[in-house]
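Notes for the one structure printed next.
Side chains included, hydrogens not; waters and symmetry mates left out as well; all remaining heavy atoms used. Remember, it's 1-based here, ligands and their atoms both numbered in the order they're listed.
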Amino acid sequence: MHTIAVLPGDGIGDEVVREGLRVLEAVSAVTGFRYKLEHYPYGAEHYLKTGETFPDSALRAMRDHDAILLGAIGDPRIEVGMLERAIIAGIRFGLDLYVNLRPIKLYAEHLCPLRDLTPSQLDLVVVRENTEGAYVGVGGIMKRDTPNEVAICNMVWTREGTERVIRYAYDLARRRGKSKRLTLVDKANAIRPMDIWTRLFERVGKDYPEIETDHAYIDAACMWMVKNPEGFDVMVVSNLFGDIITDLGAMLQGGLGIAASGNLHPGQVSMFEPIHGSAPKYRGKNVACPVATVMAVQMMLDHLGDADGAALVEKAVANALQTRKIPSLSAGAIPTDKAGDLIIEEVKALAGAAG
Ligand SMILES: NC(=O)c1ccc[n+]([C@@H]2O[C@H](COP(=O)([O-])OP(=O)(O)OC[C@H]3O[C@@H](n4cnc5c(N)ncnc54)[C@H](O)[C@@H]3O)[C@@H](O)[C@H]2O)c1
């Protein structure tokens with residue numbers, strides 16, 4: 001029995017998580033995946049009611065679960081970034097979820113905004129470092145709102161933090177068994193301390209002689225992602241650059257409505273979420289696309305050892321997209337709950353065909 005913490009959060013989080021959980025229920029009826037859910041209220045409404053963002057007791061409670069499913073955090077009524085830092089960064093840093101895994105895969109040609117890009121050309125995984133870099137909060141502002149104001153933000157990379165995420169990426173390139181190519185993406189030409197990535201990438205690579213290695217600076221990597229994405233298999237990248245390049249990847253897949261991620265610490269509780277935010281303007285309108293959250297559930301099933309369930313979800317989503325039953329991943333293309341219904345129908349049809 002797996003225990004799963006559910007944090008729908010803010011904005012559209014509630015609606016997309018509801019559909020993700022309905023798909024999980026349908027899949028578990030097929031594969032026998034056994035789980036128990038525990039819901040947590042953290043987010044804007046809870047903060048406005050209680051003044052509490054994400055207490056230490058909540059972080060401790062997260063440790064008692066096998067996985068966490070998060071919707072989205074952020075609300076325009078509350079200071080910019082405050083809840084995001086407390087809850088999302090709180091969980092990522094607090095549980096040391098050092099890998100942010102973001103698959104970028106095209107399921108149907110018509111979803112891609114690029115002309116003539118086919119699904120066989122877009123199937124890569126970004127391994128983003130998730131606990132260091134520009135997001136560690138080392139820095140600050142002095143002489144705020146004066147002509148002499150100074151703002152400092154330090155990027156921090158430790159040997160341990162860099163090495164472990166690079167090793168994870170090598171392992172993944174080996175496990176995926178695709179072209180077995182790992183690309184390091186950095187900006188070590190202009191940001192010289194990033195040389196720590198270059199050196200560790202080379203050193204760790206000695207343990208993986210069968211993996212072909214490649215390198216691209218972040219600016220060029222953005223260009224190659226659009227021009228020749230088939231050249232990438234697994235990419236390893238620092239926190240800030242990974243945040244940005246995976247939104248580009250999401251658009252190549254068809255939009256933020258499909259892109260999911262896993263925040264992982266192998267062997268420990270990990271968190272799964274759509275990469276999009278709370279899209280406050282769509283809250284409560286039943287127009288948000290729930291596919292990204294369904295794909296977060298897919299990643300969670302895979303992580304928890306239900307490979308059949310994960311494959312079933314992926315195939316069901318692919319069918320719903322390829323047949324254009326879900327015509328696009330944009331808000332309003334189809335009601336949120338209807339998209340959930342369609343994926344569940346596909347799950348049942350696939351299970352019926354197999355059984
Ligand atoms: N992991 C997170 O919870 C997370 C991530 C990013 C942003 N945020 C927060 O979310 C809030 C809104 O941020 P934002 O507007 O920059 O980003 P956003 O991802 O919420 O929305 C950007 C645009 O993407 C589209 N979009 C997003 N999710 C969609 C979905 N499921 N279906 C269809 N279209 C979708 C919408 O057109 C939306 O206008 C902010 O408070 C921000 O800090 C949270």
*Step by step, would you call Glu132 with Tyr98 a side-chain contact (heavy atoms from CB on, under 4.5 Å)?*
CA-CA 8 Å; Glu132 301 194 339; Tyr98 66 90; over 6 Å; no
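- Counting only distance, with no hydrogens or angles, the side chain of His46 and the backbone of Pro41 share no donor-acceptor pair below 3.5 Å.
- Taking a 4.0 Å cut-off on heavy atoms, Val80 fails to register as neighbouring ligand 1.
- Counting heavy atoms only, Leu256 comes closest to atom 26 (N) of ligand 1 of the residues Asp243, Ile258, Leu256.
- Between Arg92 and ligand 1, a contact under 3.5 Å exists for no N or O pair.
- If you number the atoms of ligand 1 from 1 as listed, the ones under 4.0 Å from a heavy atom of Leu329 come out as 33 (C).
- Using a 4.0 Å cut-off between heavy atoms, Pro280 contacts ligand 1 through its side chain alone, with no backbone atom that close.
- Arg283 has no carboxylate O lying under 4.0 Å from a charged side-chain N of Asp10, or vice versa, which leaves the two without a salt bridge.
- Residue contacts with ligand 1: Val291 is excluded, as none of its non-hydrogen atoms falls under 4.0 Å.
- Salt bridge status for Lys49 with Glu45: absent, with no side-chain N to carboxylate O gap under 4.0 Å.
- Close N/O approach between Ala279 and ligand 1 is found [any backbone or side-chain N/O within under 3.5 Å].
- Under the 3.5 Å distance criterion, with hydrogens and angles disregarded, no donor-acceptor pair is assigned to the side chains of Thr31 and Asp308.
- In this structure, Gln253 contributes its side chain and Ile104 its backbone to no donor-acceptor pair below 3.5 Å.
- Distance alone, capped at 3.5 Å, is enough to place a donor-acceptor pair between the Asp66 side chain and the Thr3 backbone.
- Considering only non-hydrogen protein atoms, atom 33 (C) of ligand 1 sits nearest to Ala331 N, 3.4 Å.
- Backbone and side-chain nitrogen or oxygen atoms of Gly71 are examined, and none is located within less than 3.5 angstrom of a nitrogen or oxygen of ligand 1.
- At the shortest separation from atom 11 (C) of ligand 1 among protein heavy atoms lies Ser278 OG, 3.2 Å.
- For Arg324, the CZ atom counts as loosely surrounded, since its 6.0 Å shell holds 12 or fewer non-hydrogen atoms of other residues, nucleotides or ligands.
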*Take Asp243 and Arg128, measure what side-chain contact (heavy atoms from CB on, under 4.5 Å) needs, and give me the verdict at the end.*
CA-CA 8 Å; Asp243 193 2; Arg128 166 189 168 195; 3.7 Å; yes
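- Using a cut-off of 4.0 Å between Lys/Arg side-chain N and Asp/Glu carboxylate O, Lys325 and Asp341 are scored as not salt-bridged.
- The parts of His276 lying near ligand 1 are both backbone and side chain, judged by heavy-atom distances below 4.0 Å.
- Polar contact check, Lys281 against ligand 1: a nitrogen or oxygen pair lies under 3.5 Å apart.
- Contact annotation: Ala292 has no heavy atom less than 4.0 Å from any atom of ligand 1.
- With a 4.0 Å heavy-atom cut-off, ligand 1 is reached by no atom of Val287.
- Of all protein heavy atoms, the one closest to atom 5 (C) of ligand 1 is Gly277 CA, 3.6 Å.
- At under 3.5 Å, not a single nitrogen or oxygen of Ile12, backbone or side chain, sits near a nitrogen or oxygen of ligand 1.
- Against a heavy-atom cut-off of under 4.0 Å, Gly74 is close to the following atoms of ligand 1: 41 (O).
- Less than 4.0 angstrom separates some heavy atom of Ile88 from each of these atoms of ligand 1: 1 (N), 2 (C), 3 (O).
- What sits closest to atom 32 (N) of ligand 1 on the protein, heavy atoms only, is Cys289 N, 2.9 Å.
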_Derivation of the ring-ring contact (aromatic ring centres under 6.0 Å, His included) call for His276 and Tyr282_ = CA-CA 13 Å; His276 62 69; Tyr282 297 137; over 10 Å; no
